[in-house]
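This report refers to the structure that appears directly beneath it.
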Amino acid sequence: MPLVLPPSVLGFYLLIAFSPQHGVGKWLLQTFNIQFVFSFQGLVLASVIYSMPFMIGPIKSALQQLPASLAQASYTLGKTPRQTFLRVLLPNIKPSLLTAIVLTFAHTLGEFGVVLMIGGNIPNVTRVASIAVYDSVEGMDYAAANTYSLLLFCITFVLVIGVFIFNKAHAKSPLE
Amino acid sequence: MISIDIQKKLKAYSGQQWLKVNRDFADGSITKIYGPSGAGKTTFLKVIAGLVQPEKGIIKVDDRVWVDTASKITLSPQDRRTGFVFQDYALFPNMTVQQHLEYASNDARWIQKLLTIGKLETLATHKPLYLSGGQQQRLAILRALAIKPQILLMDEPFSALDAAMKAALISELKVLFNELKATVFIISHNPQELEGLCDEELMIDTEG
């Protein structure tokens, strides 16, 4: 669902779910003294829920592209599915794994709707760069907006180029 | 004694076909399996290894039931521990030659012996990508042997080897099979390839 739901809708439902007034939020606050709404922890949790499908998709697809005989060979050597996953399958999707991690991270870095809903816009607590851009523009402070935007642009640019270079170095030529 | 009586449905362009095998194999025997393409030779090996389940049938190895569809008994591939040489080798791209064998066995002396037999000692630190087709095939054979299997299943294991290497390897393998007292099944399309190695034959053809 997080793939197709508008981020603000997902954020709204998470805000309701983790509200300390009732339900899960109330229980978490009373039992573990944890409050996810308008806190940094809540912001991280919401981002994980929102971004997880963007990570799972490429990893699942990479695993499906591995020949079935790799896992089968491992099973005939007496290895369990867990050992096979950790020692054979996972190491052989390293480029896809790295791509998924980096792109999901970059995607989360620029997240706006979910973060604003669950975290609010509390300076030094839950104000993230993407919200700060919006805030600065609203306050007509274009210099600050430009700084935040440039920062986000540079981080994501470096990450994407890094992944591109890593994958190119690991890609096999079709003529090999 | 390995007693096999199985029926497995196969998908084919011409519709549905059945792989039916009903035969006993003596312990320590080496059986050559042949038959037309698509007849189910590879599927037969995978049924023995537990990688594919038959629709009906029983497989017994020394009175231990591996499969009995009527009683819903199916031993996992891990419990059967058959050595399997895959047609596409199924080598692990992330592991070196040495690591392949160490993944299968902890016996350092046995690993060294296998490396010598397969003439891969000097390539022990190489990953499959940097091995020739013949070297990859030898590694696939060594990895299957590393677990000292009671049953060894080989799917066209010598197809990428030159004549001299094939002859040398076969003579070494004969000694090893004898030492391990392994029952061996080898799929081959080349009638001359296994001359003098196999003592039994199994023709596999489908039934519509």
Side-chain angles (χ1 to χ4, degrees), chain A residues 54-105 159-176, chain B residues 42-43 45-53 66 74-96 99-106 111 127-133 136 139-156:
Chain A
F54 294 94
M55 173 125 181
I56 290 173
I59 291 176
K60 200 173 157 194
S61 146
L63 286 171
Q64 282 167 345
Q65 278 175 24
L66 288 176
S69 57
L70 285 190
Q72 291 178 340
S74 181
Y75 294 159
T76 60
L77 298 173
K79 305 299 175 187
T80 62
R82 188 170 171 272
Q83 288 170 316
T84 302
F85 181 73
L86 294 176
R87 300 277 312 272
V88 176
L89 304 182
L90 212 50
N92 286 309
I93 59 158
K94 225 188 271 174
S96 302
L97 193 65
L98 182 80
T99 305
I101 290 171
V102 171
L103 292 185
T104 306
F105 176 69
L159 286 174
V160 169
I161 291 292
V163 167
F164 179 76
I165 291 169
F166 178 84
N167 282 349
K168 203 169 177 209
H170 282 75
K172 238 189 344 177
S173 156
L175 299 174
E176 260 180 69
Chain B
T42 299
T43 304
L45 294 193
K46 288 190 172 178
V47 167
I48 299 175
L51 300 170
V52 167
Q53 304 312 319
W66 279 17
T74 307
L75 227 60
S76 70
Q78 288 88 349
D79 288 332
R80 299 184 199 195
R81 283 176 70 92
T82 54
F84 204 120
V85 181
F86 289 80
Q87 196 175 9
D88 67 353
Y89 318 146
L91 297 175
F92 309 134
N94 60 312
M95 294 188 197
T96 63
Q99 285 166 343
H100 270 87
L101 303 183
E102 285 171 353
Y103 184 63
S105 167
N106 297 322
I111 289 174
K127 288 187 176 174
L129 183 64
Y130 303 103
L131 301 177
S132 70
Q136 289 184 19
L139 175 57
I141 296 170
L142 301 186
R143 182 183 60 183
L145 285 166
I147 59 169
K148 298 184 180 173
Q150 185 188 4
I151 296 176
L152 182 63
L153 308 164
M154 307 173 92
D155 195 350
E156 299 193 44

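Chain naming here is simple, since letters A, B, ... match the order of the sequence lines and numbering starts at 1 in each. On a predicted model such as this, the values are computed, not experimentally measured, just so you know.
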Between B:Ser105 (side chain only) and B:Leu101 (backbone N and O only), is there a donor and an acceptor less than 3.5 Å apart? no
If I take atom CD from residue B:Gln53 and atom OG1 from residue B:Thr74, how far apart are they, to the nearest 0.5 angstrom? 5.0 Å
Nearest 0.5 Å, please: how far is CD1 in A:Ile59 from CG in A:Leu89? 12.5 Å
Neighbourhood of chain B inside residues 76-86 of chain A, taking heavy atoms under 4.5 Å as contact: A:Thr76, A:Leu77, A:Gly78, A:Lys79, A:Thr80, A:Pro81, A:Gln83, A:Thr84
Just by distance, do the side chain of B:Asp79 and the backbone of B:Leu75 share a donor-acceptor pair under 3.5 Å? no
Check whether any side-chain N or O of B:Thr96 sits under 3.5 Å from a backbone N or O of B:Gln99 as a donor-acceptor pair, and report yes or no. yes
Taking only residues at least two apart or on different chains, which pairs with a member in residues 140-156 of chain B satisfy side chain to side chain donor-acceptor pair (under 3.5 Å)? B:Thr42-B:Asp155, B:Asp62-B:Gln150, B:Gln87-B:Glu156, B:Asp107-B:Lys148, B:Glu156-B:His189
Treating A:Ser61 as the side-chain partner and A:Gly57 as the backbone partner, does any N or O pair qualify as donor plus acceptor under 3.5 Å? no
Distance (rounded to the nearest 0.5 Å) between B:Ile111 CD1 and B:Asn106 CG: 7.5 Å
Side chain, backbone, both or neither: which part of B:Arg80 has a heavy atom under 4.5 Å from chain A? neither
Partner residues of B:Phe86 under the ring-ring contact (aromatic ring centres under 6.0 Å, His included) criterion, sequence neighbours left out: B:Phe84
Which of residues 88-95 of chain B get closer than 4.5 angstrom to chain A, counting heavy atoms alone? B:Asp88, B:Ala90, B:Leu91, B:Phe92, B:Pro93, B:Asn94, B:Met95
When rounded to the nearest 0.5 angstrom, what is the spacing between CG in B:Leu45 and OG1 in B:Thr82? 9.0 Å
